[in-house]
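Data first, discussion second: the structure below is written as structure tokens.
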Amino acid sequence: MKEQNKWSKVDAYFDDKLLAADPVLDAVLGANEGAGLPAIDVAPNQGKLLYLLAKMKGAVNILEIGTLGGYSTIWLARALPEAGRLVSLEFEHDHVVVAEDNLRMAGLADKTEVIEGPALETLATLEARGHGPFDFIFIDADKPNNPHYLKWALKLARPGAVIVADNVVRDGEVIQAQSTDDRVQGIRQFMDLLSAEPRIEATALQTVGSKGYDGFVLGIVI
């Protein structure tokens, strides 16, 4: 816990220096907490990283797999140009309701759409709904299905698209080949696919901070 306290303080220091006060995002986190959503949103500095990556990419069409209450959705949508669009997929009905309220509060309802249902079903409908191809994809949903999400991401991405997948370290458990945690095994299968997939160049980084010890994958579709 001593190390966690230090990590959180360093995050707070960086947030104070590099993130402007944001009443909207503060209200989003408050709404999520009030609705009983799990506190598993990305950290503020991680949200800013997503925003910067999407902006550096010049993303116009963004896909997010896993909405929760829309906190990361808002960070990503803010990086879009005027004509940009973001679609986010969410399984839990209560999360969809909260996220849509939060997106309206943030003034982003006209740029975003939250689609309710199992992502492996809704991913197959995106083209027919007029979404894609995407130039930025953020994967942050149920980890056992990460290998399937990667396959769909590659189908739906345009060449040069950026793919980011969160929570791939899981407190270091990702190295445990015999883990009985299906989330760990999902990440390991995801990494196996990445290592054998010629259509994407990727790396992974470990992180520490207010959310503990974890990490993310960053890739570019060839």
Side-chain angles (χ1 to χ4, degrees), residues 1-57 59 62 64-79 86 88 90 95 98-99 102 106 136-144 146 149-150 162-176 179 181 183-188 190-191 194 202-220:
M1 287 299 102
K2 181 180 179 181
E3 288 301 310
Q4 177 60 63
N5 185 52
K6 181 187 293 185
W7 301 338
S8 296
K9 286 182 177 179
V10 172
D11 262 8
Y13 169 77
F14 287 146
D15 290 351
D16 180 62
K17 294 295 182 182
L18 301 175
L19 275 70
D22 198 320
V24 170
L25 286 174
D26 291 343
V28 167
L29 292 178
N32 291 355
E33 181 180 7
L37 272 60
I40 55 174
D41 317 85
V42 299
N45 55 350
Q46 294 168 341
K48 183 71 175 286
L49 175 63
L50 289 172
Y51 164 86
L52 290 172
L53 289 172
K55 199 152 191 175
M56 284 188 284
K57 170 58 189 170
I62 296 177
E64 179 183 51
I65 304 174
T67 316
L68 193 61
Y71 183 76
S72 57
T73 318
I74 290 169
W75 274 112
L76 286 166
R78 285 177 170 179
L86 179 151
S88 187
E90 175 56 47
H95 296 181
V98 174
N102 285 336
F136 194 101
I137 299 172
F138 180 44
I139 302 172
D140 191 16
D142 54 312
K143 307 313 172 190
N146 260 30
Y149 296 149
L150 176 60
V162 172
I163 296 178
V164 179
D166 202 10
N167 306 128
V168 300
V169 174
R170 309 207 67 81
D171 213 21
E173 289 301 304
V174 70
I175 65 173
Q176 302 299 330
S179 174
D181 188 330
R183 297 168 298 181
V184 172
Q185 291 300 335
I187 294 299
R188 289 180 62 86
F190 172 80
M191 298 302 292
L194 277 176
T203 190
L205 295 175
Q206 301 178 76
T207 61
V208 296
S210 61
K211 295 292 183 175
Y213 172 34
D214 214 321
F216 63 93
V217 159
L218 175 65
I220 297 178

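Computed from a predicted model, the values in this text were never measured in an experiment.
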Check whether more than 12 heavy atoms from other residues, nucleotides or ligands sit under 6.0 Å from atom CD of E33, and answer yes or no.
-> no

With sequence neighbours excluded, tell me which residues meet salt bridge (Lys or Arg N to Asp or Glu O under 4.0 Å) with D15.
-> none

Within a reach of under 6.0 Å around OH of Y213, are more than 12 heavy atoms found that belong to other residues, nucleotides or ligands?
-> yes

What is the minimum heavy-atom distance between A99 and T67, and which atoms define it?
-> CB-CG2, 3.7 Å

Show your working on side chain to side chain contact (heavy atoms under 4.5 Å, CB included) between M191 and V217 and close with a plain yes or no.
-> CA-CA 9 Å; M191 298 302 292; V217 159; 3.8 Å; yes

Which heavy-atom pair separates N102 from G69 by the least distance, and what is that distance?
-> ND2-O, 2.7 Å

Sequence neighbours excluded, the answer for salt bridge (Lys or Arg N to Asp or Glu O under 4.0 Å) partners of D181 is R183

Who pairs with A12 by side chain to side chain contact (heavy atoms under 4.5 Å, CB included), at least two apart in sequence or on another chain?
-> none

Residues forming a side chain to side chain contact (heavy atoms under 4.5 Å, CB included) with A54, sequence neighbours excluded = A59, I62, L76, A79, F136

By salt bridge (Lys or Arg N to Asp or Glu O under 4.0 Å), which residues pair with R170, not counting sequence neighbours?
-> none

Can you tell which of E64, R78, E90 makes a side-chain hydrogen bond (donor to acceptor under 3.5 Å, both in side chains) with T73?
-> E64

CD of Q185 to CZ of R188: how many Å apart, nearest 0.5 Å?
-> 6.0 Å

Is a side-chain donor or acceptor of D214 paired with a backbone partner of V168 at a separation under 3.5 angstrom?
-> yes

At what distance, to the nearest 0.5 angstrom, does CD1 of I137 lie from CD1 of I65?
-> 6.5 Å

Sub-4.5 Å side-chain heavy-atom contact between N167 and K211 | no

Which pair of heavy atoms, one from N146 and one from G186, lies closest together, and at what distance?
-> CB-O, 4.3 Å

Spacing of L53 atom CG and I163 atom CD1 [to the nearest 0.5 Å] | 13.0 Å

If you measure from CH2 on W75 to CG on L86, what distance do you get to the nearest 0.5 Å?
-> 15.0 Å

Got L68 and L37 here, is their nearest side-chain heavy-atom distance under 4.5 Å?
-> yes

Could you tell me which non-hydrogen atom of S210 sits nearest to which non-hydrogen atom of S8, and how far apart they are?
-> CA-OG, 3.6 Å

Show me the donor-acceptor pairs, under 3.5 Å and distance only, between side chains in residues 39-49 and residues at least two apart or in other chains.
residue, atom, partner, partner atom, Å
D41, OD2, N32, ND2, 3.2
N45, ND2, D11, OD1, 2.9
Q46, OE1, A43, N, 2.8
K48, NZ, L18, O, 3.2

Taking Q206 for the side chain and F216 for the main chain, is one N or O donor matched with an acceptor at less than 3.5 Å?
-> no

